[in-house]
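Data block below; observations after.
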Amino acid sequence: MEHEITLIVNGAARRVRVPARRLLSDCLRHDLGLTGTHVGCEHGVCGCCTVLLEGRPVRSCLTFAVTVDGAEITTVEGLAPGDGRLSPVQRAFAECHGLQCGFCTPGFLCTVTALLAENPAPTEEEVLEGISGNLCRCTGYQNIIKAVHRAAELLAEES
């Protein structure tokens, strides 16, 4: 049995018919064509599938799409302001080389966006705690941590 749901994705209402057991990650990728959300472990451990649900980071591979009917979801595609510029977090990751293969990057970008919205000037320890749910197999995290601090600087400059 399929359910018709409405998701507010990156600011736009999207109606979609999904089976009750369709994961939000699969709905975003396959039903809505938003392939920026990556699926890694499919167990909620790696953080690659992280999106923002009402501004809070969630694992889309553990969330049934029908449970978020009517909710606002921001994917990596929706982080930029829409005028061709990158968000401060995206700019900081590029500037600080906070990515290598890029597979984990969308999850990190969403996680860090939420972290800095809640805590605009995190300490080193708070950054480490904030990104601890996201795994990267390439970078060693040093440049990711630098990127979080740089994003905080960029956001402060824009305020």
Side-chain angles (χ1 to χ4, degrees), residues 6-14 23-25 27-29 32 34-41 43-65 67-159:
T6 301
L7 305 174
I8 313 303
V9 183
N10 303 326
R14 306 283 301 267
L23 296 172
L24 179 57
S25 57
C27 177
L28 292 169
R29 289 182 58 79
L32 300 180
L34 297 168
T35 57
T37 301
H38 294 163
V39 179
C41 68
H43 296 287
V45 176
C46 72
C48 290
C49 69
T50 302
V51 298
L52 301 178
L53 175 63
E54 306 290 344
R56 297 196 165 285
V58 297
R59 301 294 200 254
S60 64
C61 77
L62 297 179
T63 305
F64 289 121
T67 66
V68 295
D69 184 19
E72 187 168 332
I73 297 159
T74 305
T75 67
V76 68
E77 292 94 341
L79 294 179
D83 57 3
R85 294 180 301 133
L86 297 175
S87 75
V89 174
Q90 291 169 316
R91 288 195 327 261
F93 267 70
E95 185 180 311
C96 297
H97 308 287
L99 54 101
Q100 282 184 9
C101 83
F103 193 79
C104 65
T105 304
F108 269 106
L109 293 172
C110 288
T111 297
V112 171
T113 297
L115 168 67
L116 294 177
E118 187 174 306
N119 183 354
T123 65
E124 187 82 6
E125 187 174 300
E126 290 168 332
V127 169
L128 292 173
E129 176 66 26
I131 65 169
S132 66
N134 292 71
L135 302 178
C136 176
R137 295 183 180 195
C138 299
T139 66
Y141 300 95
Q142 293 86 354
N143 289 343
I144 292 171
I145 294 165
K146 287 178 190 172
V148 176
H149 289 296
R150 179 63 181 140
E153 291 171 4
L154 292 171
L155 286 164
E157 290 171 9
E158 288 186 0
S159 305

Backbone of Glu72 reached by a side-chain donor or acceptor of Glu54 within 3.5 Å
yes
Ile131 side, atom CD1; Leu115 side, atom CG - distance, nearest 0.5 Å:
8.5 Å
Would you say Val68 and Ile73 make side-chain contact, with heavy atoms under 4.5 Å?
yes
Identify the two heavy atoms, one from Pro120 and one from Ala152, that lie closest to each other, and give their separation to 0.1 Å.
O-CB, 3.4 Å
Pair Lys146 + Glu153, salt bridge at N-O below 4.0 Å
no
Quick check: do Val51 and Val58 have side-chain heavy atoms less than 4.5 Å from each other?
yes
For the residue pair Arg59 and Thr50, confirm or rule out a side-chain donor-acceptor distance under 3.5 Å.
yes
Flag side-chain contact, heavy atom, 4.5 Å: Leu24 against Leu7:
yes
Do Arg150 and Arg91 come close enough that some side-chain heavy atom pair is under 4.5 Å?
no
Would you check if the side chain of Arg29 reaches a backbone N or O of Thr37 as a donor-acceptor pair within less than 3.5 Å?
yes
Looking at every non-hydrogen atom in both residues, tell me the closest pair between Cys110 and Leu52 and how far apart they are.
O-CD2, 3.3 Å
Any side-chain heavy-atom pair of Ser25 and Cys61 under 4.5 Å
yes
Quick one, Phe93 and Val112 - any side-chain contact, counting heavy atoms below 4.5 Å?
yes
Which pair of non-hydrogen atoms, one from Leu135 and one from Cys104, has the smallest distance, and what is that distance?
O-CB, 3.4 Å
Quick check for you: to the nearest 0.5 Å, what is the distance between Glu77 atom CD and Leu34 atom CG?
4.5 Å
Have Thr123 and Glu125 got a donor and an acceptor in their side chains that come within less than 3.5 Å?
no
Nearest-0.5 Å distance that lies between atom CG in Leu23 and atom OG1 in Thr63:
8.0 Å
Could you name each residue pair satisfying side chain to side chain donor-acceptor pair (under 3.5 Å) that touches residues 98-116, not counting sequence neighbours?
Thr111-Asn134
Any idea which heavy atoms bring Leu79 and Ser87 closest together, and the distance?
O-CB, 3.3 Å
More than 12 heavy atoms of other groups within 6.0 Å of Glu129 CD
no
Using a 4.5 Å cut-off on heavy atoms from C-beta on, say whether the side chain of Thr75 contacts that of Pro106.
no
Return the minimal non-hydrogen interatomic distance between Arg14 and Leu32, and the atom names on each side.
NH2-O, 3.4 Å
Plane angle bin for Phe103 and His38 - parallel if under 30°, tilted between 30 and 60°, otherwise perpendicular
parallel
Hey, are the side chains of Leu154 and Glu157 touching, using non-hydrogen atoms and a 4.5 Å cut-off?
yes
Kindly compute the distance separating OG1 (Thr74) from CD1 (Ile8), expressed to the nearest 0.5 Å.
11.0 Å
If you compare all heavy atoms of Thr6 against all heavy atoms of Ala13, which two are closest, and at what distance to 0.1 Å?
CG2-CB, 4.2 Å
